[in-house]
Amino acid sequence: MTETLHHWAGGAVLKSASDRFGDVTDPATGRVTRRVALASPDEVAAVVDAAVRAFPGWRDTSLTRRTQILFRFRELLNARADELAAIITAEHGKVLSDAAGEVARGQEVVEFACGMPHLLKGSATENASAGIDVHSVRQPLGVVGIISPFNFPAMVPMWFFPIAIAAGNTVVLKPSEKVPSAAQWMAELWREAGLPDGVFNVLHGDGVAVDGLLTHPDVESISFVGSTPIARHVYETGTAHGKRVQALGGAKNHAVVLPDADLDLAADQAVNAGFGSAGERCMAISAVVAVGSAGDPLVEKIRERAEGLRTGDGRRGADMGPLVTRAAQERVSGYIDAGEGAGATLVVDGRTVTPDADGEGFFVGPTLFDHVTPDMSIYTDEIFGPVLSVVRADTYDEAVALINANPYGNGTAIFTNDGGAARRFQNEVQVGMIGINVPVPVPMAYYSFGGWKNSLFGDTHAHGGEGVHFFTRGKVVTTRWVDPAHRGEAGELDLGFPRNG
Ligand code: NAD
């Protein structure tokens, strides 16, 4: 009998009474490893209720105590990061070193949130008017919802919950039903760190759970990460229900390679960014725009490197693991068929890969197309697999126009040794995160992560200063204390609006 994963609410397992369950698979072997409960609307209400009950106590817990618990969570995570990485590899498929990197990037946000006492400091003004002082504070929202995608089971939730918790909110995390176990592991780690019951809760489920959170009157905000159509739905529904929403969507990230670039560096980075995590990263490079004479030698260098990659079970030292599900494998193979049919040059074909793995895993090997044109589906669509398309452009202007015409605007990179060209690029390109000779420009935790256009709905990016802003509300207090010399004398009545003085 397969084990079933239930919800986590109020510091304990909340057994699901729902008759809906999802299968969780090991993508490297294709085997079902456990089942996960898919919440009913009643279960959404029960989990949110646990967070509602925990909020007053947590909000009133001193900042010192709150951050001590965060420090303890950090120490525990450092000591046991390998366990979490193994869980990620077993359900997502990415290779162990990549899973460990994901945990490390999430940990950076925990470390940033450990500085919450400093980050929450308001400002004060003495004598703003005669005898009047003004100060500002930021206060937690209440219950906050976090909805995460399959591709980063630990890091994406950690973009949000360390800051939300340190700021005094209580959390309901709805992880992807494809990779649910990391959330449960982190919930138990929080308990070990001393977090009071009900501050961090896990609701398992699919669209029913998401819609339940979006419409629940006690959920104050939604932080969503996933595909663009669902991000748009989350933003529109959440804001229509009066919530603060940040909804990060899909991507189609381009790397421009100018003829003066170090082509070996560009080829290395195109391979890392195109095939790392089997292309299942929102910051993956999926389109390389080779300008002028860079084209032929660059394609040759990428080909050599792509053909040398070992595809297989991420626990066996492979460079690249499987895709997350059988459906994803079939979808990606379908795109390769379509690219070939549309007339792109198939330089490396991942459909024929022989992986180092047991069983029936969901593998597609590194795939490289050349002479891709903007009308082909391998260019227009977010494939979310190990398929790298090279588009040829005659000029820098043509390359930038291509990026700016794209509906997505998550990340982009330029490879060049010309500082002037790089400076122009960062100024002109309509994308949220830019790399200059850096292929996957994921901002550090103390900056904020987010794209433009269809890659983010809402105006607040994740973590950094914007994260603190998102999870708190501002309040400004204007104060007058009567001087002891005043002795209760009658003042002058004036019904006018106060003037300066
Ligand atoms: P997804 O949109 O299928 O799922 C995301 C979340 O939405 C999951 O928790 C899922 O359970 C839920 N969901 C699924 N169907 C729903 C529905 N009909 N109604 C409401 N909620 C629903 O995305 P995914 O396949 O898990 O993740 C991959 C996508 O996420 C890619 O498009 C990728 O670019 C994007 N992503 C973006 C970023 C970013 O920072 N912009 C980061 C990581 C992933």
Side-chain angles (χ1 to χ4, degrees), residues 20 22 24 27 36-39 41 44 91-94 102 105-106 109 145-160 172-180 182-183 202-215 222-238 245-253 276-286 323-325 327-328 331-332 381-385 406-412 431-433 440-443 448-458 460-464 466-467:
R20 296 190 316 124
V24 182
V36 61
L38 301 177
V44 176
E91 293 186 357
H92 175 281
K94 63 179 74 175
E102 159 174 1
R105 295 308 304 258
V109 185
I146 298 170
I147 300 160
S148 53
F150 80 81
N151 66 323
F152 285 107
M155 183 188 79
V156 165
M158 282 201 272
W159 280 352
F160 306 106
V172 175
L173 168 63
K174 205 301 285 172
S176 165
E177 63 277 35
K178 296 180 184 127
V179 292
V202 181
L203 173 72
H204 290 294
D206 52 10
V208 173
V210 171
D211 287 342
L213 290 174
L214 291 175
T215 54
I222 297 288
S223 301
F224 172 90
V225 182
S227 58
T228 288
I230 312 270
R232 187 180 278 119
H233 161 74
V234 164
Y235 184 73
E236 288 172 358
T237 312
V245 181
Q246 49 182 180
L248 285 71
K252 190 80 192 179
N253 304 314
S277 200
E280 292 173 323
R281 288 183 187 142
C282 65
M283 291 293 277
I285 293 292
S286 51
L323 289 157
V324 68
T325 55
R331 197 174 45 77
V332 172
D381 296 4
E382 182 184 35
I383 300 176
F384 227 54
N406 197 277
Y408 297 107
N410 214 38
T412 189
V431 171
M433 294 170 283
V440 184
V442 174
S448 297
F449 182 108
W452 287 15
K453 302 195 272 187
N454 285 351
S455 296
L456 189 144
F457 300 92
T460 311
H461 294 192
H463 62 68
E466 295 192 38

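We use all heavy atoms of the structure for the numbers below, so side chains are in, but hydrogens, waters and symmetry mates are not. We count ligands from 1, going down the list as the structure has it; atoms in each ligand are counted the same way.
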Worksheet item: With a 4.0 Å heavy-atom cut-off (strictly under), which part of L456 contacts ligand 1: side chain, backbone, both or neither?
Response: neither
Practice prompt. Begin with the C-alpha distance, continue with both residues' side-chain angles, and end with the deciding distance and a verdict on salt bridge (Lys or Arg N to Asp or Glu O under 4.0 Å) for R20 and D206.
Written response: CA-CA 10 Å; R20 296 190 316 124; D206 52 10; 2.9 Å; yes
Practice prompt. May I ask whether G451 places a heavy atom under 4.0 Å from ligand 1?
Written response: no
Worksheet item: Is the closest side-chain heavy-atom distance between L248 and F224 below 4.5 Å?
Response: no
Practice prompt. Would you tell me which option among T237, V442, L248, V210 has the nearest heavy-atom contact to atom 12 (C) of ligand 1?
Written response: V210
Practice prompt. Check ligand 1 against E382 and write out every atom of the ligand that is under 4.0 Å from a heavy-atom position of the residue.
Written response: 31 (C), 32 (O), 33 (C), 34 (O)
Worksheet entry | N or O contact, H233 vs ligand 1, cut-off under 3.5 Å | no
Worksheet item: Sub-3.5 Å donor-acceptor pair from the side chain of S277 to the main-chain atoms of K94, do we have one?
Response: no
Practice prompt. Give the numbers and elements of all ligand 1 atoms closer than 4.0 Å to a heavy atom of S227.
Written response: 1 (P), 2 (O), 23 (O), 29 (C), 30 (O), 32 (O)
Worksheet item: Taking only heavy atoms of E177, which atoms of ligand 1 are found under 4.0 Å from at least one of them?
Response: 10 (C), 11 (O)
Worksheet entry | Part of W159 with heavy atoms under 4.0 Å of ligand 1, whether side chain, backbone, both or neither | side chain
Discussion item. Counting the benzene-type ring for Trp, do H463 and F160 have ring centres under 6.0 Å apart?
Written reply: no
Worksheet item: Have T460 and E466 got a donor and an acceptor in their side chains that come within less than 3.5 Å?
Response: no
Item to complete: Please identify which atoms of ligand 1 are closer than 4.0 Å to at least one heavy atom of N410.
Response: 41 (N)
Discussion item. Can you check atom 4 (O) of ligand 1: any protein non-hydrogen atom closer than 4.0 Å?
Written reply: no
Worksheet item: Heavy-atom distance to atom 18 (N) of ligand 1: which of D211, I230, V234 wins?
Response: I230
